[in-house]
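Report on one structure; see the data block that follows.
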Amino acid sequence: MANPSILILPGDGIGPEVMAEVRKIIAWFGDKRGLKFNVSEDLVGGAAYDAHGAPLSDETMAKAQAVDAVLLGAVGGPKYDKLDFSVKPERGLLRLRKEMDLFSNLRPAQCFDALADFSSLKKDIVAGLDIMIVRELTSGVYFGEPRGIFPDNEGGRVGINTQRYTTEEIRRVARSAFELAKRRGNKVCSMEKANVMESGILWREEVQWVHDNEYPEVELSHMYADAGAMQLVRWPKQFDVIVTDNLFGDLLSDCAAMLTGSLGMLPSASLGAPMANGRPKALYEPVHGSAPDIAGQGKANPIACILSFAMALRYSFDQGAEADRLEKAVEAVLADGVRTADLMGPEGGTPVSTGEMGDAIVAALCASL
Ligand code: NAD
């Protein structure tokens, strides 16, 4: 069988810097673990606009559709702030998500013990935390019609957005959550507002239907999203996988992410329907942006991007044990006190550069053999 293919889109700002470290990790897995990937690279965001006048060319889009996984760095920067909306760097990312139909957004909130002090919550509440938020990404109130700002009958204006979900949109993201739960703690909590929204009632019924008919072996619970937000900060370790809609997922995943400390640590995956080879369409990217304030200075933390590659190993390439190996290598490096500038606590110390962090993780991988 051909080697699995990866398209790397480093993007702008710190994107290329953190992606260079991911390249070291990919090379290590090729050399030491026999995991050979067919890697290609292309432009997205401002870099693509500079080269082609568009934040994602049709050729790059076609490549993204054809590979097994896309790894993206970050897009955007002040240089592009005044561009027309239609060619802004972010449009490149939105086009990828839309045309690949990436409906399931996975945002893990994992707290490495060495960083437990970074959380705004007490150490014992977050230490060892490992939850996954699955957010529906392509429907709901961000896309529903009618939408817009219209004149009303009293001489004022009315702003309208429509929360809309179909059976199939709910079922497919629910399946993705149940599949994930089977590889983790076997528990799904579905969150909506069935107490005040009809779309919430449908959401609850359809998630329950998928459970009863397809995944009866997974433990399912339901929670109103506001209560869920409260529980996330009160006792987050009660959760394994949380599945929720686009709007609530946007809020809850940011909230959960911050339980764990720094933006430089947070990976994500966006998955679509299975391709002919059975693998889901997939885009992996750190949660952070292009960080123009530190770009080009070797200060960026590459861990979010490296952990995004660990997610690719797990969810696109069925290499769960190698994903564990990579996550453990990151944990070991942090436990040794190796820190980029964003992870320096009040006690201070000397931060390492982006490249030194990547090298330390490669060294920890070597030590794992
Ligand atoms: P940002 O995530 O780029 O940066 C926020 C803060 O976190 C900055 O102080 C930055 O230095 C720091 N930071 C972020 N990532 C870091 C890392 N890996 N290591 C160390 N520190 C890190 O968000 P922003 O400043 O609001 O946006 C900057 C640009 O990025 C904007 O053009 C925005 O539109 C774009 N953006 C892109 C994405 C994406 O590509 N997915 C996401 C968010 C923002």
Side-chain angles (χ1 to χ4, degrees), residues 7-22 25 42-50 55-56 60 64 70-98 100 102 105-107 112 115 118 135 137 142 249-251 253-254 257-258 260-270 282-311 330 333-334 338-345 349 351-358 360-361:
L7 174 63
I8 290 188
L9 301 173
D12 309 318
I14 62 168
E17 297 170 50
V18 294
M19 202 55 90
E21 303 314 307
V22 175
I25 306 287
D42 214 323
L43 302 173
V44 69
Y49 176 81
D50 289 340
L56 188 78
T60 313
V70 178
L71 292 184
L72 187 135
V75 297
K79 183 178 163 195
Y80 308 103
D81 281 350
K82 295 214 161 59
L83 287 181
D84 184 70
F85 186 68
S86 62
V87 288
K88 274 194 184 295
E90 292 74 13
R91 303 299 298 174
L93 184 49
L94 292 177
R95 182 174 179 197
L96 281 165
R97 287 180 183 155
K98 183 161 186 289
M100 292 169 76
L102 303 172
N105 181 225
L106 279 47
R107 293 262 304 257
F112 292 100
L115 297 183
F118 274 76
R135 166 190 172 193
L137 200 59
Y142 292 164
D250 196 359
L251 309 182
S253 62
D254 269 17
M258 277 303 103
T260 67
S262 167
L263 201 49
M265 294 293 301
L266 300 170
S268 80
S270 301
L283 171 79
Y284 299 89
E285 55 177 327
V287 168
H288 63 71
S290 60
D293 53 333
I294 57 165
Q297 300 170 35
K299 287 185 183 167
N301 181 354
I303 293 179
C305 205
I306 289 171
L307 292 177
S308 301
F309 176 63
M311 291 185 83
V330 169
V333 164
L334 293 171
V338 180
R339 300 275 188 276
T340 40
D342 58 307
L343 301 179
M344 300 304 298
V352 299
S353 68
T354 310
E356 287 166 336
M357 180 57 95
I361 294 169

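One-based numbering, in listed order, for ligands and for the atoms of each. FYI, the numbering just counts along the sequence from 1.
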For ligand 1, indicate whether the residue Val75 contacts it via side chain, backbone, both or neither (heavy-atom separation under 4.0 Å).
both
Quick one: nearest non-hydrogen protein atom to atom 1 (P) of ligand 1, plus distance?
Gly289 N, 3.5 Å
Considering all heavy atoms, the nearest Leu7-Thr60 contact
CD2-O, 4.2 Å
Considering non-hydrogen atoms of the protein only, which is the closest contact for atom 3 (O) of ligand 1, and what is the distance?
Ala291 N, 2.7 Å
Atom 10 (C) of ligand 1 has as its nearest protein heavy atom Asp293 OD1, 3.4 Å
Side chain, backbone, both or neither: which applies to Pro302 and ligand 1 if a contact is any heavy-atom pair less than 4.0 Å apart?
neither
Take Val352 and Thr340 through the test side chain to side chain contact (heavy atoms under 4.5 Å, CB included) and record every step on the way to the result.
CA-CA 5 Å; Val352 299; Thr340 40; 4.2 Å; yes
Say whether Ser290 and ligand 1 are in contact under the criterion: heavy-atom distance to a ligand atom below 4.0 Å.
yes
Per-residue contact class, Val18 against ligand 1 - non-hydrogen pairs under 4.0 Å
neither
Ligand 1 N/O within reach of Lys299 N/O, cut-off under 3.5 Å
no
What is the closest protein heavy atom to atom 41 (N) of ligand 1, and at what distance does it sit?
Leu93 CD2, 3.5 Å
Which heavy atom of Phe112 sits nearest a heavy atom of Val330, and at what distance?
CZ-CG1, 4.2 Å
Any N/O pair Ala74/ligand 1 closer than 3.5 Å:
no
Regarding Glu356 and Arg339, does a basic nitrogen lie under 4.0 Å from an acidic carboxylate oxygen?
no
Nearest non-hydrogen protein atom, atom 25 (O) of ligand 1:
Pro292 CD, 4.6 Å
Taking every heavy atom of Ala47 against every heavy atom of Tyr80, the minimum-distance pair comes out as N-OH, 4.0 Å
Ranked by distance from atom 22 (C) of ligand 1, the top protein heavy atom is Ile294 CD1, 4.0 Å
Shortest protein contact, atom 7 (O) of ligand 1 (heavy atom only):
Leu263 CD2, 3.7 Å
Salt-bridge contact Lys79-Asp12 (side-chain N to carboxylate O under 4.0 Å)
no
Using side-chain heavy atoms (C-beta onward) and a distance below 4.5 Å, is Tyr49 in contact with Lys88?
no
Ligand 1 contact on Asp81 by region, counting heavy-atom pairs under 4.0 Å
neither
Report all side-chain donor-acceptor pairs from residues 290-297 shorter than 3.5 Å, counting only partners two or more places apart or in another chain.
unit_1: Ser290; atom_1: OG; unit_2: Gly76; atom_2: O; d: 2.8
unit_1: Gln297; atom_1: OE1; unit_2: Lys299; atom_2: NZ; d: 3.0
unit_1: Gln297; atom_1: NE2; unit_2: Asp293; atom_2: O; d: 3.1

Nearest non-hydrogen protein atom to atom 17 (C) of ligand 1, with distance, is Asn301 N, 3.7 Å
